[in-house]
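The structure is given below, and queries will be raised subsequently.
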Amino acid sequence: MNNYGYNKAREQKIFESWFTKYEAMLIKEGVAKEDIKMLFNLYWNDFNADRRFRQRQYSNLEDKINLACTFDFSDFPNIDELEDESLYQYLKKDTHQMYSILIGIYRGLSIKEIAFMLDSTPMAIYKRIQRFKKAFNICPK
């Protein structure tokens with residue numbers, strides 16, 4: 001995977017070059033033109049399905065990189081500089097993930113965006129927030 005995204009034109013040239021060689025081999029073997037055309041359509045549909053998948057993959061990667069770049073910790077104190085000892089201990093044992101979630105919430109990111117950035121699911125983020133609220137008796141039920 002490169003950092004430049006999916007290059008459809010390049011991949012299409014590779015596909016066409018491959019199929020031209022494959023077609024020449026089929027003609028040499030005596031396969032009918034209609035069968036070759038049918039094979040081309042099958043392979044072309046597979047190529048397009050793969051292209052759509054890869055374009056989404058690269059698109060998601062670019063979104064994640066852009067989101068990570070906007071996620072700036074500089075406005076917030078370092079975990080080691082927190083004055084509340086219980087909060088410090090809680091965030092320290094959570095390998096900074098809860099701290100990232102709290103900063104994301106403060107920045108106004110949605111739960112889905114936070115989950116996407118942390119390679120997690122929205123439900124896992126909700127659960128972490130619930131545990132955090134319970135640990136610090138925030139909004140008790």
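Both backbone and side-chain heavy atoms feed into the values below; hydrogens, waters and symmetry mates do not.
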Task: Minimum-distance pair of heavy atoms, taken over all atoms of Q12 and W44 - done: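 So the minimum-distance heavy-atom pair works out to NE2-CH2, 3.6 Å.
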TODO: Please report the shortest heavy-atom distance between I36 and I27, naming the atom on each side.
DONE: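 Closest heavy-atom pair between I36 and I27: CD1-CG1, 3.6 Å.
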Task: S17 (side chain) donor-acceptor with K13 (main chain) under 3.5 angstrom - done: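 No, the answer is negative, given that no donor and acceptor are paired below the 3.5 Å cut-off.
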Task: M123, CE atom: more than 12 neighbouring heavy atoms under 6.0 Å - done: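 No, CE of M123 has 12 or fewer neighbouring heavy atoms, counting only those of other groups under 6.0 Å.
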- [ ] Quick one: pull up CZ in R131 and CD1 in I129 and give me the separation to the nearest 0.5 Å.
- [x]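 Separation between the atoms: 11.5 Å.
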Open item on the list: Could you go through I111 and I101, starting from their C-alpha distance and side-chain angles, then the distance that decides it, and tell me whether this counts as side chain to side chain contact (heavy atoms under 4.5 Å, CB included)?
Closed with: CA-CA 9 Å; I111 299 298; I101 292 169; 5.9 Å; no
- [ ] Could you pull out the closest heavy-atom pair between G104 and I114, with the gap in Å?
- [x]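 The answer is C-CD1, 3.7 Å.
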Task: Closest approach of P122 to A115 (non-hydrogen atoms, all atoms of both residues) - done: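 Shortest heavy-atom contact: N-CB, 3.5 Å.
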- [ ] Name the orientation class of the two ring planes belonging to W18 and Y22 (parallel below 30°, tilted from 30 to 60°, perpendicular beyond 60°).
- [x]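 The rings of W18 and Y22 lie parallel, inter-plane angle below 30°.
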Open item on the list: Restricting to side-chain hydrogen bond (donor to acceptor under 3.5 Å, both in side chains), what partner residues turn up for N48, sequence neighbours left out?
Closed with: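 N48 satisfies side-chain hydrogen bond (donor to acceptor under 3.5 Å, both in side chains) with R51 only.
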Open item on the list: Check whether N45 reaches the backbone of N41 with its side chain - one donor and one acceptor, N or O, closer than 3.5 Å.
Closed with: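 Yes.
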Task: Plane angle bin for F40 and F19 - parallel if under 30°, tilted between 30 and 60°, otherwise perpendicular - done: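 Rings of F19 and F40: perpendicular, over 60°.
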Open item on the list: Nearest 0.5 Å, please: how far is NZ in K33 from CD in E23?
Closed with: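 That separation rounds to 5.5 Å.
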Task: Between CG on residue L102 and CZ on residue R128, distance to nearest 0.5 Å - done: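 Output value for this atom pair is 11.0 Å.
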Task: Distance in Å, R10 CZ paired with F15 CZ, rounded so as to fall on 0.5 Å steps - done: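 Spacing of CZ (R10) from CZ (F15) equals 15.5 Å.
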